[in-house]
Structures are given as structure tokens and as C-alpha cells.
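Notes follow once the structure below has been shown.
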Amino acid sequence: MPIVREKLSEFKARESAAYRRSRPLSAARANQENGFFGGVPQHWMLDWPMPFPLVVQQACGTSLTDLDGHVLTDLCLGDTGAMFGHNPESVAKAVQAQASRGLTSMLPSSDVEEVGSLLQARFGMPYWQITLSASDANRFALRAARAITKRSKILVFDGCYHGAVDETAVNLTAGLTVAKPSLWGQAYDLAAVTTCIHFNDVEALAATLMQGDIACVIMEPALTNCGMVAPVPDFLDEVRRLTRAHGTLLLIDETHTLSTGPGGWTGTFGLEPDIWVAGKAVAGGVPTGVWGFTQEVKLGIERVRAETPSGHSGIGTTLSGSSLQMAALRACLQDVMTEANYAIMFAGAIALEDGITRLIAQLGLPWSVIRLGARLETVFAPNLPTNAEQMRASFDCDLEAALHLGLLNRGFLVTPFHNMLLAGPSLSREAPAAYVAALNSILNEIL
């Protein structure tokens, strides 16, 4: 059953008007000068598919309350930053307790030994470093990889997302590595330091690594930012085999694929990276990134330090590894990222997946659903794409924006730009059915 474009346009106009009427306090904030560019602390907060940003008054568990008193079921969860729910009790208590003892000192706190042991046990890497974000973790890890291998280039997969790392902000366009057209102020040709190929393309990977100039392959186990794309069978095994064969380090970025299980995709499926990165959710919402590495990488870093004059390495920031971060990390790893919480999250995601899949079949829509543990996405294509090019061909931005706005007006906040949902541990049993009912009501207005 096709989408009727005239109905879609009329629906968006109605929903926009309803949003404006129901949020006068957020509207007033949006229309006043408050010292911030565009009235928001980060410019991309203006990019949500809503007439103006709603202002959050309170967030707890999987609920948001906006300034106008609307309570929303949050299926975005800060685009993974609050994967385990807003304000987890144990993390909040740890932050409050640490605040009375000091937030940062540029020296290790008493939590360091316990946090190191928790990271080793949970994610498998023997050595760790702490940063303020996954962007920083990736940036520093890539710098270390180039220093260790004495190679200048990295390899990424088209459609990847590794935060605000310059070298990874590329697309594969007509077979060429090109900077993303949306970048601001790009000062050099990213193709000089980065090679971009299709995800799931073993032949292209082998041909690129054979040239011997790639220091590191940085990758998500599944693409999560261009729409969710899973690896085809044996692809990740081939990535590991080929990187080892050509002396290239393998960095697995699990910032989003932590949804797969307590040890991420790496722990769930037994991957063997040289470097492992995560951010966003690992400290329960307190800004934190982590990068772990093998004994071999540790020896390489020690060699580089011995060979390099003392001074600024370009790795690390003053607030990285703060007492506040360590307290939050300890609480989150011990009490929040538990097998029990993951089981609850999986159950909620499966219920959403099943309900959406049934609705798609009922309405005869040429769509599909992909799920990675607690994370899932509706794809506007009958078959799941295997690379970013195929995924981009499925995009329908007008439809996507209409669905987001309609769901928001019906009490559900979903991740902007795509159709990704994230099931937090406190999602109610009734929420998946209510979400599907809301989606059904929207679709019946535009089909």
C-alpha cells in the first residue's frame, strides 16, 4: 500500500500546528534570545523534525517531561547516551557522593583499581585509558595506531560513524573517498589520510590492505548511523584475518553496538580487536569514553614513548580520567550494565520488533525491520540493505519527518534523522503495543 503524498503533506501540516498549540512554553523559549546560537547549546538540536525544540524539564528512566508538562516515552535515550535510562539510581548516588569529595584533580582516584578490573572483565582488553567521549577515544587511538605502525592512512566503511573524528567524516561517492558535504571548514583533503570502502565488501578490503599503507581499520561491527546495516556472515572474521595478514591494527568502535549485549558485539560474538572503543552510555550519561588495547598495542605505545621526545603527545585532555568519571563508570559497570537489565531491554526491543513487523504485514508495506539487541530500526525497503549506498537509496526524508512528529504528538520520542528505537530497562510492558498503535494511527492517515 503506497504512501499518498498529498495526504502526507496535509498530515505534516496538521501535526505541526498541533505541536505548536500544545507547547507554548517551549515555543516562547525558542523565540527568545538566551545567549546561545539558535537558542540551543548545540546547533544540531535545531535539526530535530519538529517546528522548534521541546525543552526538557525532567528525565527519568525512559520518560521525559517537557516544559509544557507533556510526559513522553523516550525511545531515543539521548541517541544512546542514556541507553540504560536517564538518571540511573546507582550512578546518581555515586556522582552525588563524589561531588562532596572533589570532581577532578588530574591524578588517579581511589576508584581506579576497581574500574580497571571491571573494564577488563567486561570487555576483555587488558589495558585501558579514559577520555571525555568516544570521539576523543577514537581520535587518540588512531594517533597511537599511526605511531605504532609508522603508517599514515586509516580505512573506514561508507556510512560509518565515529564521532567528531576528522579522518572518518567521509563518504564513498562514485568509487572515490570524499569528505562529507555537510562538514564545516574542512582544511585538508581527507582522501590523503583515509580510504573509504563499502561495508561487507571483502574484496575491496583485501585490495586496499594489500597496498601496505593502512595503519588501522576503524569500524563498527554493524553500521548504526546511516541506518542500521548488519555484517553478512563471515565478514567480521575476514576483516580480522586480513588486518592481521597485512600488519594493520583493528579498532572496533562499540559506542552504539553496546546494545548487542553486556560485552557489546565483541563479547557476544567473540571478536578479537587490537583496540576497543566505547562512549556515551558507559558511565550512565556522565561524559566518558574508554579505549582498551591488547598487550601488543601496549608494547607499541611504550616503544613510541621511549622513541619520542617528552612533551605534548596530542593524546589526552585535562578532565579525562577525572574522579567524577571513575565514580560514574564504577557504578554503571557494576550496577546498571547488568545481565538482568539487558534481558529486560531485549524483551522490550523484541516486543517492538514483533509489533512493527506485524503492522507492516497487515498494511502491506514494502518495509523491513532490523534489530541489534536492544536497538531496532524500520527500513523503508523490503529487503535489508548490506551497505550504506543501498540504505541511502531507501531513505524517504519527508515520510520519516512526518512519522517522528506524529509519534511525538502521540507521546513517543524517537531518534532523529532515522527510524531507530532503543528500549531502555525501565520501558513499560505496555509501551511497545502503545507505540505500534500510535504508528498505526499515523499510517492510516497517510495511506
Side-chain angles (χ1 to χ4, degrees), residues 56 58-64 74 76-134 136-137 254-264 266-267 276-292 317-346 348 373-375 422-427:
V56 177
Q58 180 177 336
C60 183
T62 52
S63 293
L64 290 179
D74 188 359
C76 171
L77 296 174
D79 192 17
T80 308
M83 179 187 295
F84 305 106
H86 297 285
N87 198 29
E89 183 178 2
S90 62
V91 175
K93 287 181 177 179
V95 167
Q96 290 169 352
Q98 187 59 49
S100 68
R101 300 193 297 268
L103 301 179
T104 186
S105 62
M106 210 175 69
L107 289 166
S109 71
S110 58
D111 286 317
V112 165
E113 184 175 1
E114 183 63 26
V115 171
S117 296
L118 287 166
L119 288 168
Q120 288 173 329
R122 176 61 60 87
F123 303 121
M125 290 294 175
Y127 300 101
W128 291 90
Q129 293 282 271
I130 307 299
T131 65
L132 287 176
S133 67
D136 275 352
E254 296 239 39
T255 299
H256 284 171
T257 55
L258 275 179
S259 65
T260 311
T266 295
W276 190 92
V277 165
K280 292 188 192 280
V282 288
V286 173
T288 304
V290 298
W291 59 293
T317 54
T318 307
L319 295 176
S320 298
S322 71
S323 301
L324 176 66
Q325 288 178 304
M326 302 308 286
L329 259 174
R330 180 175 183 173
C332 193
L333 290 168
Q334 281 182 163
D335 304 325
V336 180
M337 295 177 65
T338 63
E339 294 275 0
N341 271 342
Y342 268 97
I344 295 168
M345 293 162 68
F346 291 169
R375 182 190 305 275
L422 190 56
S426 63
L427 187 69

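Owing to the predicted nature of the structure, the values given are computational and were not obtained by experimental measurement.
Taking each heavy atom of Ala281 and Cys332 in turn, the nearest pair found is O-SG, 3.6 Å. Nearest heavy-atom pair across Ile344 and Pro425 is CG2-O, 3.1 Å. Contact between Gly284 and Pro88 at its shortest, heavy atoms only, is O-CD, 3.8 Å. Residue Ala283 comes nearest to Ala328 through the heavy atom pair O-CB, 3.6 Å, listed as atom of the first residue, atom of the second, then distance. What you find for Val290 and Thr131 is that their closest heavy atoms are N-OG1, 4.2 Å. Nearest heavy atoms, Ala137 versus Val277: CB-CG1, 3.8 Å.
Side chains of Trp276 and Leu119 form no contact here, defined as non-hydrogen atoms less than 4.5 Å apart. A heavy-atom distance below 4.5 Å is not found between the side chains of Val282 and Leu333. Proximity of Met106 to Thr318: side-chain heavy atoms (C-beta onward) are separated by under 4.5 Å at one or more points. Using a 4.5 Å cut-off on side-chain heavy atoms (C-beta onward), Thr266 and Phe123 make no contact.
For the atom pair Ile130 CD1 and Leu319 CG, the distance stands at 13.5 Å (nearest 0.5 Å). For the atom pair NZ (Lys280) and OG1 (Thr288), the distance works out to 13.0 Å, reported to the nearest 0.5 Å. Taken to the nearest 0.5 Å, the CG atom of Leu422 stands 5.5 Å off from the CE atom of Met345.
Listed by chain and number, the residues in a side chain to side chain donor-acceptor pair (under 3.5 Å) with Ser426 are Thr62 (sequence neighbours excluded). Residues forming a side chain to side chain donor-acceptor pair (under 3.5 Å) with Thr338 (at least two apart in sequence, or on another chain): none. Considering only residues two or more places apart in sequence or on other chains, Trp291 meets the side chain to side chain donor-acceptor pair (under 3.5 Å) condition with none of them. Checked against side-chain contact (heavy atoms from CB on, under 4.5 Å), Ala331 has the following partners two or more places apart in sequence or in another chain: Ser90, Val91, Ala94. For Ser320, the side chain to side chain donor-acceptor pair (under 3.5 Å) criterion is met by Thr317, not counting sequence neighbours. Every salt bridge (charged side-chain N to carboxylate O under 4.0 Å, His left out) that Asp111 has, sequence neighbours left out, goes to Arg330. With sequence neighbours excluded, the residues that form a side-chain contact (heavy atoms from CB on, under 4.5 Å) with Val112 are Pro108, Ser109, Met326.
In this structure, Gln58 contributes its side chain and Ser63 its backbone to no donor-acceptor pair below 3.5 Å. Of the possible polar contacts, none joining the Thr257 side chain to the Thr260 backbone as a donor-acceptor pair under 3.5 Å is found.
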Between Ser117 and Gln120, does a side-chain hydrogen bond (donor to acceptor under 3.5 Å, both in side chains) hold up when you go through it step by step? CA-CA 5 Å; Ser117 296; Gln120 288 173 329; 4.5 Å; no

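Residue pairs satisfying the salt bridge (Lys or Arg N to Asp or Glu O under 4.0 Å) criterion with at least one member in residues 118-128, sequence neighbours excluded, are absent. Within the structure, side chain to side chain donor-acceptor pair (under 3.5 Å) pairs that include any residue of residues 92-108 comprise Glu89-Lys93, Gln98-Arg101 (at least two apart or interchain). Screening residues 99-122 for ring-ring contact (aromatic ring centres under 6.0 Å, His included) gives no qualifying pairs among residues at least two apart or on separate chains.
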Residues 79-87, side-chain donor-acceptor partners within the protein, below 3.5 Å, at least two apart:
| unit_1 | atom_1 | unit_2 | atom_2 | d |
| --- | --- | --- | --- | --- |
| Thr80 | OG1 | Arg375 | NH1 | 3.3 |
| Thr80 | OG1 | Arg375 | NH2 | 3.1 |
| His86 | NE2 | Asp74 | OD2 | 2.7 |

